[in-house]
Undergrad: 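For reference, the structure I am asking about is given below.
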Amino acid sequence: MPKMSRIETAFCRSAAWRHFTGSVVLPWALQGRGISGDVLELGAGSGAMAAALLQQTPGIRLTVTDLDEGMLAKARGRLPRPGPKVQQADATALPFQSASFDFVLSFLMLHHVLNWQAAIAEAARVLRPGGMLIGYDLTASPAAKLIHLVDRSPHRLVQPAELTATARLASLDISVRTGLMRQVMRFRARKS
C-alpha cells in the first residue's frame with residue numbers, strides 16, 4: 001500500500017487541517033450518525049480525525065491504524081494517554097479477528113490503497129453483524145486525477161458505482177452520496 005506524498009503528509013499534519021477536521025469534516029463525514037462501542041479507524045494519518053472523534057465521543061474504544069509509521073508517531077503524540085490503541089496495519093490485511101468492531105471508519109484514505117477492494121472486504125470482515133463502515137473519499141474526478149498526477153502521489157481513485165458494487169459483494173448494504181460537484185463522496189454501509 002503506498003504512502004502519502006510529501007504534500008499530502010504536510011497537509012494532514014497542519015494546524016489548519018486539525019481545526020477543520022473537528023469543526024467541519026468529522027460531522028459531515030459521520031452524516032449525523034452517533035459512534036459507540038469498539039471503533040477502528042483505517043489510515044488515520046496523523047490522528048487529527050481520531051482526536052476530534054475522541055473529543056466528541058469520549059466513551060468509545062478506539063483503535064487507530066496506518067501503514068506509515070511516521071504518521072503513527074504523530075498520532076501517538078497527538079492522542080491522549082491513556083487513550084486509543086495505535087498500531088501499524090495494512091488496510092488490505094488487517095491484524096484483527098473477524099467481527100471485532102462495531103464501527104470501521106475510513107476518512108480520505110481509500111484512494112491511497114491500490115487494492116481498495118481488499119480494504120473494503122477487510123473492513124466488512126472485522127465488522128460485527130449490524131456494524132457500520134462510515135467514511136468519505138475523493139471520487140475519480142478529472143480534478144482529483146490531475147492533483148495526484150502533479151503530486152506524483154500513488155493512488156487509485158474510486159468511482160461511487162465501483163464502491164457500491166464492491167461493498168455489496170462484501171455483504172455491506174451501502175449508501176453513497178457525492179458532493180462538492182461530485183469531487184467527494186460520503187458512504188455509510190451496514191454489515192448484514
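Fair warning: this is a prediction, and the values are worked out from it, not measured in the lab.
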Undergrad: Measuring from Asp38:CG to Phe101:CZ, what's the distance to the nearest 0.5 Å?
TA: 6.5 Å
Undergrad: Heavy atoms only: give me the nearest Ala44-Asp66 pair and the separation to one decimal.
TA: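 Result for this residue pair: N-OD2, 3.4 Å.
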Undergrad: Atom CG of Leu110 and atom CD of Glu162: how far apart are they, to the nearest 0.5 Å?
TA: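 Result: 11.5 Å between the selected atoms.
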Undergrad: Sequence neighbours excluded, which residues qualify as side-chain hydrogen bond (donor to acceptor under 3.5 Å, both in side chains) partners of Thr178?
TA: Arg182
Undergrad: Between the side chains of Lys74 and Glu69, is the shortest nitrogen-to-carboxylate-oxygen separation below 4.0 Å, so that they form an ion pair?
TA: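 No, no charged N to carboxylate O under 4.0 Å.
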Undergrad: Are side-chain N/O atoms of Arg78 and Ser46 paired as donor and acceptor at under 3.5 Å?
TA: yes
Undergrad: So, for Ser36 and Asp102, which heavy atoms are closest and what is the spacing to 0.1 Å?
TA: O-CB, 3.8 Å
Undergrad: Can any side-chain N or O of Lys191 pair as donor or acceptor with the backbone N or O of Ala124 at less than 3.5 Å?
TA: yes
Undergrad: In the structure I gave you, are the side-chain heavy atoms of Leu105 and Leu42 within less than 4.5 Å of one another anywhere?
TA: no
Undergrad: Looking at Gln97 and Val126, what are the two nearest heavy atoms and their distance?
TA: O-CG1, 3.9 Å
Undergrad: In Å, rounded to the nearest 0.5 Å, how long is the span from CG of Leu72 to CG of Asp68?
TA: 7.0 Å
Undergrad: How far apart are the C-alpha atoms of Arg188 and Leu30, what are their side-chain angles, what is the distance that settles it, and do they pass the side chain to side chain contact (heavy atoms under 4.5 Å, CB included) test?
TA: CA-CA 8 Å; Arg188 186 168 68 187; Leu30 294 178; over 6 Å; no
Undergrad: Report yes if some heavy atom in the side chain of Lys85 is under 4.5 Å from a heavy atom in the side chain of Arg61; otherwise report no.
TA: no
Undergrad: Where do Met49 and Val25 come nearest, in terms of heavy atoms and distance?
TA: CE-CG1, 3.8 Å
Undergrad: Determine the minimum heavy-atom distance between Ala89 and Leu94, stating which atoms define it.
TA: CB-CD2, 4.4 Å
Undergrad: Would a 4.5 Å heavy-atom cut-off, applied to side chains only, mark Phe103 and Leu53 as touching?
TA: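 Side chain of Phe103 against side chain of Leu53, heavy atoms only: no contact under 4.5 Å found.
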Undergrad: Are the side chains of Thr92 and Val113 in touch, meaning some heavy atoms are under 4.5 Å apart?
TA: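 They are in contact (side-chain heavy atoms under 4.5 Å apart), so the answer is yes.
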Undergrad: With a 4.5 Å cut-off on side-chain heavy atoms, are Pro84 and Leu54 touching?
TA: yes
Undergrad: Keeping the roles fixed (side chain from Ser192, backbone from Ser171), state whether a donor-acceptor pair exists under 3.5 Å.
TA: yes
Undergrad: Could you state the interatomic distance from CG (Leu157) to CD (Gln183), rounded to the nearest 0.5 Å?
TA: 10.5 Å
Undergrad: Which distance, rounded to the nearest 0.5 Å, do you find between the CG of Leu169 and the OG1 of Thr164?
TA: 11.0 Å
Undergrad: How many angstroms lie between CZ in Arg125 and OG in Ser100, if you round to the nearest 0.5 Å?
TA: 7.5 Å
Undergrad: Any heavy-atom pair between the side chains of Leu172 and Leu133 that's under 4.5 Å?
TA: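 Counting from C-beta outward, Leu133 and Leu172 do come under 4.5 Å.
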Undergrad: Do Leu40 and Thr65 come close enough that some side-chain heavy atom pair is under 4.5 Å?
TA: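 Leu40 reaches Thr65 side chain to side chain.
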Undergrad: Test side chain to side chain contact (heavy atoms under 4.5 Å, CB included) on Glu41 and Thr63 and set out the steps.
TA: CA-CA 6 Å; Glu41 184 181 357; Thr63 300; over 6 Å; no
Undergrad: Do you know the tightest heavy-atom contact between Phe107 and Ala29?
TA: CE2-CB, 3.7 Å
Undergrad: For Arg186, enumerate each residue passing the side-chain contact (heavy atoms from CB on, under 4.5 Å) test, keeping only those at least two apart in sequence or located in another chain.
TA: Trp28, Gln31, Tyr136, Arg177
Undergrad: Would you check if Gln87 and Pro95 make a side-chain contact, meaning some heavy-atom pair closer than 4.5 Å?
TA: yes
